[in-house]
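Note that this is a predicted model, so its numbers are computed, not measured.
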Amino acid sequence: MAMASLFISSSPSFTLPPKTYTKYQTAYFLKPFSLKAASTSVDQQPTISLADKQPSPFKANSWQWKFQDKVLTIYYEEHGKESPEPTKNILMLPSISDVSTVEEWRSVAGNIVQRASKINWRAVIVDWPGLGYSDRPKLDYNVDVMEKFLTDFISAPDGPMKHFGNDLVIFGGGHAPTITLCAAKKGLVKLAAIAAVAPTWAGPLPIVFGRDSTIEMRYGLLRDTLRTPGVGWMMYNVFVSNEKAIASQYRSHVYANPDNVTPDVVDSRIALTKRKGARYAPASFLTGLLDPVKSQEEFLELFADLDGKVPVLVVSTKSSPKRSKAVMQALKGAKGVSKFVEVPGALLPQEEYPTMIAEELYQFLQENFEFNI
């Protein structure tokens, strides 16, 4: 999200910083409770209340993903509670960016799974390879790699979701739902329902400058430069991995309300961009290699393909950048979209306004699953 503003990402091995890990690594079987979202004026951007971001206990875990000649440690979290009700599973996928992390869905997951309802909802949040707390080796990251990872994570015999079955609900932000829909169209993923939160299909540079042959050559040059050992790391540090750059991108287009961009938010995202291999996947994202489709028409076709087959919720935001909002608004009334809502927020409403997003998502779950019981 920063060098145009260079929207680039992060990388780790499976060891959470003490501040993150020890605070949340607790047993997650708790008694259910009910929650209600507070209403907000449509004319102003709400400020986060402390209650919106209250941490909910979860189980941190890792999975060894075998890809090509490498084994990547993939970080994921399990959120849930003990309940006699029938269980149904949700996979939550972070938006892809330089600051991509499971943390953007953590409060939403905690909100939904702790509700008292007819279904015992459980959620898994996973960091993409090359991003968040997952390993970030020097791979040639492209959309095929991400699609392969998603399908393996869901269906691998040794995978974390092997006992979940094919009846899966997926919530994703940014590129994540588009990658999921591509996999579903190929028959690689079977969906019970999907919610696309602030969805898009184009990386930061392609959405602004397009994809003609001349500009694609420039993207390639930039990508190669960012991947080089010396100059690439220096360039990444100057344009992305520093307090000014992170704070600027959050205030300009990641969050809707600048007052919600706290020092803790900025510090935690800077830490992500300091991880070993942090620049490789974001370099691909920035320059369009992680774009699942090449046009708005292809994007709309992915949703149309689910028409009458799977419930589809699209969550658009009031304060997204102009081009990003145009992508979202094109889905209003589009074939295959069962429900379209617009909420306060920009590119990460699930992180900025988790209670509000959780309420919309839970209502979607009730309408399509709980009310039928």
Side-chain angles (χ1 to χ4, degrees), residues 16 21 24-35 37 53-63 74-94 101-128 132-134 149-173 176-177 180 184 189-197 310-311 313 350-351 354-355 357-373:
L16 291 177
Y21 189 81
Y24 299 114
Q25 173 75 347
T26 58
Y28 62 92
F29 299 108
L30 300 178
K31 294 180 180 179
F33 57 86
S34 299
L35 293 171
K53 296 249 179 166
Q54 283 300 317
S56 161
F58 62 82
K59 183 180 178 183
N61 217 327
S62 67
W63 175 58
I74 299 298
Y75 175 75
Y76 69 96
E77 296 176 357
E78 298 172 272
H79 295 248
K81 67 178 184 298
E82 290 182 335
S83 171
E85 304 299 340
T87 296
K88 201 167 186 64
N89 300 289
I90 308 167
L91 175 60
M92 297 184 176
L93 300 170
T101 168
V102 293
E103 293 171 10
E104 73 185 55
W105 281 108
R106 193 175 280 160
S107 294
V108 174
N111 184 310
I112 291 174
V113 304
Q114 296 301 328
R115 293 179 183 234
S117 62
K118 296 179 181 179
I119 293 176
N120 180 29
W121 292 102
R122 290 177 181 265
V124 171
I125 320 173
V126 62
D127 270 330
W128 295 96
Y133 296 110
S134 290
F149 163 73
L150 177 62
T151 56
D152 284 354
F153 187 80
I154 292 172
S155 60
D158 67 338
M161 309 193 74
K162 60 186 176 184
H163 301 304
F164 287 11
N166 292 320
D167 197 24
L168 189 64
V169 176
I170 294 184
F171 295 162
T180 302
V189 173
K190 185 179 179 182
L191 298 171
I194 184 168
V197 179
V310 173
L313 168 66
Q350 65 270 32
E351 181 177 289
T355 300
I357 295 301
E359 188 65 25
E360 292 290 351
L361 295 176
Y362 184 64
Q363 191 176 100
F364 174 66
L365 294 173
Q366 284 183 307
E367 292 165 353
N368 290 285
F369 300 100
E370 295 191 14
F371 290 163
N372 298 325
I373 296 177

Looking at [X] and [Y], what are the two nearest heavy atoms and their distance?
X    : Y    : value
A123 : M92  : CB-CE, 4.1 Å
E85  : N120 : O-CB, 3.6 Å
I125 : A109 : CD1-CB, 3.9 Å
E360 : L313 : O-CD2, 4.2 Å
G173 : P177 : O-CD, 3.4 Å
S134 : D127 : OG-O, 2.9 Å

I need the [X] [atom1] to [Y] [atom2] distance, nearest 0.5 Å.
X    : Y    : atom1 : atom2 : result
H79  : R106 : NE2   : CZ    : 6.5 Å
Q114 : S83  : CD    : OG    : 10.5 Å
E370 : R115 : CD    : CZ    : 9.5 Å
E351 : I357 : CD    : CD1   : 12.0 Å

Legend entry - Trace of the side chain to side chain contact (heavy atoms under 4.5 Å, CB included) decision for F369 with V169: CA-CA 11 Å; F369 300 100; V169 176; 3.9 Å; yes
Is [X] reaching over with its side chain to a backbone N or O of [Y], donor-acceptor style, under 3.5 angstrom?
X    : Y    : value
N89  : L168 : no
W105 : L93  : yes
W128 : P94  : yes
K59  : G80  : no

Legend entry - Donor-acceptor side-chain pairing of Y133 and E77 below 3.5 angstrom: no
Any non-hydrogen side-chain atom of [X] less than 4.5 Å from a side-chain atom of [Y]?
X    : Y    : result
I90  : L365 : yes
L91  : T180 : no
R122 : E78  : no

Inset, instruction - Give the intermediate values and the outcome of side chain to side chain contact (heavy atoms under 4.5 Å, CB included) for residues I112 and F171. - result: CA-CA 12 Å; I112 291 174; F171 295 162; 4.0 Å; yes
Inset, instruction - Kindly determine whether F149 and I74 satisfy side chain to side chain contact (heavy atoms under 4.5 Å, CB included), including the steps that lead there. - result: CA-CA 10 Å; F149 163 73; I74 299 298; 3.7 Å; yes
Legend entry - Ring-ring centroid check W63 F153, cutoff 6.0 Å: yes
Legend entry - Residues I154, I170; criterion side chain to side chain contact (heavy atoms under 4.5 Å, CB included); working and verdict: CA-CA 11 Å; I154 292 172; I170 294 184; 4.1 Å; yes
Inset, instruction - For Y362, check ring pair (Phe, Tyr, Trp, His ring centres under 6.0 Å) against everything at least two apart and list the hits. - result: none
